[in-house]
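Accompanying notes for the structure given below.
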Number of protein chains: 2
Amino acid sequence: MTFKKADQQMYKIDITPVSSEMKEALQHKIDTKTKPLGALGQLEMLALKLGMIQNSLNPILNNPTVVVFAGDHGSAAAGISPYPQEVTFQMVMNFLAEGAAINVFARQHGLAIKIVDAGVNYDFHEQKSLIHAKIAKGTRNYLDQPAMTRQQCEEALEKGSEIVRTLYQEGCNTIGFGEMGIGNTASASLLMHCFCQLPLEVCVGRGAGMDDAGLAKKRRLLEQALQANSVDETPLSILSTFGGFEIAMMCGAFLQAAALKMVILVDGFITTAALLTASKINTGVLKYCIFSHVSDESGHRQLLNYLQAEPLLNLGMRLGEGTGAALAFPLLQSAVNFLEEMASFESAGVSGKDA
Amino acid sequence: MTFKKADQQMYKIDITPVSSEMKEALQHKIDTKTKPLGALGQLEMLALKLGMIQNSLNPILNNPTVVVFAGDHGSAAAGISPYPQEVTFQMVMNFLAEGAAINVFARQHGLAIKIVDAGVNYDFHEQKSLIHAKIAKGTRNYLDQPAMTRQQCEEALEKGSEIVRTLYQEGCNTIGFGEMGIGNTASASLLMHCFCQLPLEVCVGRGAGMDDAGLAKKRRLLEQALQANSVDETPLSILSTFGGFEIAMMCGAFLQAAALKMVILVDGFITTAALLTASKINTGVLKYCIFSHVSDESGHRQLLNYLQAEPLLNLGMRLGEGTGAALAFPLLQSAVNFLEEMASFESAGVSGKDA
């Protein structure tokens, strides 16, 4: 797949709907396991979904991988984050040195990890887990002009899809996305506001830890950003105006992963905003997604509601990096395992409900 | 420790309060990790709690074990469960054959598993993971008379504590409890009603899957049970009248585990009712407990609220067996791991918040 111009404003990607062919047989398999009907709750829905995505009674999670997209934001200089911009590259260095939270959780659960330089303001050396995909050394400041050119935006989408294709070809069928970028909750808020048509104040939160004054300033700046730019209603216009390179690249990655029928783990607020954007390009992407958690970032719950998503975890986290996706991964494995390994009433000789 | 008669009605066990000695140092360690303050949400509280329970900056989960207590209930014959009584022993056989949900999840997370025959109406052969601790082949029917004698109740408490002592001596410092027993949600509801002084209808739910008519019948029967028995207000009087052997044994196990300063994972409704009972004997037990999940059994949320517990997971499960505890275990491991393995701002050379 590549992104095709359908018209001046809209890119298309083909996503096959999830098959319902196995639905009944999967439900029967779930229902005959040695447990009361429905007693495994969301794990049962998860098993059904994984089986349907893979069109199999025996879904399997191969080479599960977390891809962390990192990028810098021109708007960071304006004070929309309590952290200085250099924290983006410093945290990428931390990922590469395997010292960040996502490294710890990925290691714990046997997840491979890839760090993508989507547009960090730093020159990284070659390193095993680093993927060079830099569009530019950070976006422009959307308080002055669109964050990226249309061409940069398309390039980011294409790079994201290319990264996923490569992982898929290497045998990965389960992928989680995460991100790092000082200022990127602000971008995500703007995307949410534009796509969901929700008031800005619903969409803007404390990000990495704003105090009240910081939050008020962030809201003011984002109001200014909306006034400073004219966007048409198309996804790419909105994405290129307010997005970040890591968000645009994730957007392309989401679409490609769904086109390849991969199981996709969605992380927190920013990742979900990238998915929201992807869903405006092709709503079919949503059916391949598992929502790992609802974060503590104030807009996330409403964004999930908008997408009719039921997150697995609610741990009050707000770290990004793909940490929610990594922590939710063992639940996917549990769903696969109970489907594969649990005895049935018949095989175990256990009586059913009284008639 | 053994259970000592403090007076005619009350047994005592010494539980040392969780130490606050390390609290500040633990919080500092958590706060200097490369993440915004508080960004790991409940995992941070978990890390703090585990560190305090073990009085260490480097808590470690040794030989984590799930103990599943099984017992039969005389009341099952009266139709308080949609499943026939023999499902208890059949499910124990399923546990021993490693085909039940708890086996799958324990295997996934490297948890040892022990099945305790606390009072199942069946004669089991010797088997590796089975612990023989049968008090009798099921309790009596509390619709006619107290479910157990005072002596049986004391014996069950003592057995539960003995089982935990043995596991502790074998090197286990982290323990989860689960149960199996057709009819035991009804017992748990009666215990909750008596101890929490909440209306019976708040405490009674659909158990393994009652329909509306079944639920109405269950409520009627439990009203009758309350009228048929006179209990004094002491924990052991209530426990011996309405408890099950598996519940009483778990109660003793909870108290012993806390006395040994073990990390305790609480499972669903019935396990929490056993803990509630233990907390009425010694409230100190609660500080050693991690609440793994809120189940779909209707009284569980309110029981957790009563205990001021914040469960980690909410997956709409209602299976028991310790499955919630097993699924929550990796979150405990994540808390331990981030505390141990994550870089600090200083070690990683990452800038902090702007002043």
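Below, all heavy atoms of this structure are taken into account, side chains as well, without hydrogens, waters or symmetry copies. Residue numbers begin at 1 in each chain, while the letters A, B, ... track the order of the sequences. From a predicted model like this one, the values you see are computed outputs, not experimental measurements.
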Subject >> Proximity breakdown for B:Met93 and chain A, heavy-atom pairs closer than 4.5 Å >> reply: neither
Original post:
For the atom pair CG (B:Leu315) and CG (A:Leu43), what is the distance rounded to the nearest 0.5 Å?
Top reply: 6.0 Å
Subject >> Under 4.5 Å from a heavy atom of chain A, the part of B:Phe105 involved >> reply: side chain
**OP:** Determine the option with the most heavy-atom pairs under 4.5 angstrom with chain A, choosing from B:Ala101, B:Ser295, B:Ala97.
**Re:** B:Ala101
Original post:
About how many Å separate OG of A:Ser347 and CG of B:Asn94, when rounded to the nearest 0.5 Å?
Top reply: 7.0 Å
Original post:
Just by distance, do the side chain of B:Glu341 and the backbone of A:Gly99 share a donor-acceptor pair under 3.5 Å?
Top reply: no
Subject >> Residues of residues 31-40 of chain A contacting chain B, heavy-atom criterion under 4.5 Å, by residue number >> reply: A:Thr34, A:Lys35, A:Pro36, A:Leu37, A:Gly38, A:Ala39, A:Leu40
Subject >> B:Gln90 (side chain) donor-acceptor with A:Ser351 (main chain) under 3.5 angstrom >> reply: yes
Original post:
When only pairs under 4.5 Å are counted, which of B:Ser334, B:Gly41, B:Gly316 shares the most heavy-atom pairs with chain A?
Top reply: B:Ser334
**OP:** Heavy-atom distances under 4.5 Å only: say whether B:Ala208 touches chain A with side chain, backbone, both or neither.
**Re:** both
Subject >> Inter-chain contacts: residues 324-332 of chain B against chain A, heavy atoms under 4.5 Å >> reply: B:Leu327, B:Pro330, B:Leu331
Original post:
If you count heavy-atom pairs under 4.5 Å with chain B, which of A:Glu44, A:Met317, A:Glu86 comes out on top?
Top reply: A:Met317
Original post:
For B:Asn337, is it the side chain, the backbone, both, or neither that has a heavy atom closer than 4.5 Å to a heavy atom of chain A?
Top reply: both
Subject >> Option that, when pairs with chain A are counted at under 4.5 Å, heavy atom only, ranks first among B:Met91, B:Glu321, B:Met45 >> reply: B:Met91
Subject >> Euclidean distance, B:His109 NE2 relative to A:Gln333 CD, rounded to 0.5 Å >> reply: 9.0 Å
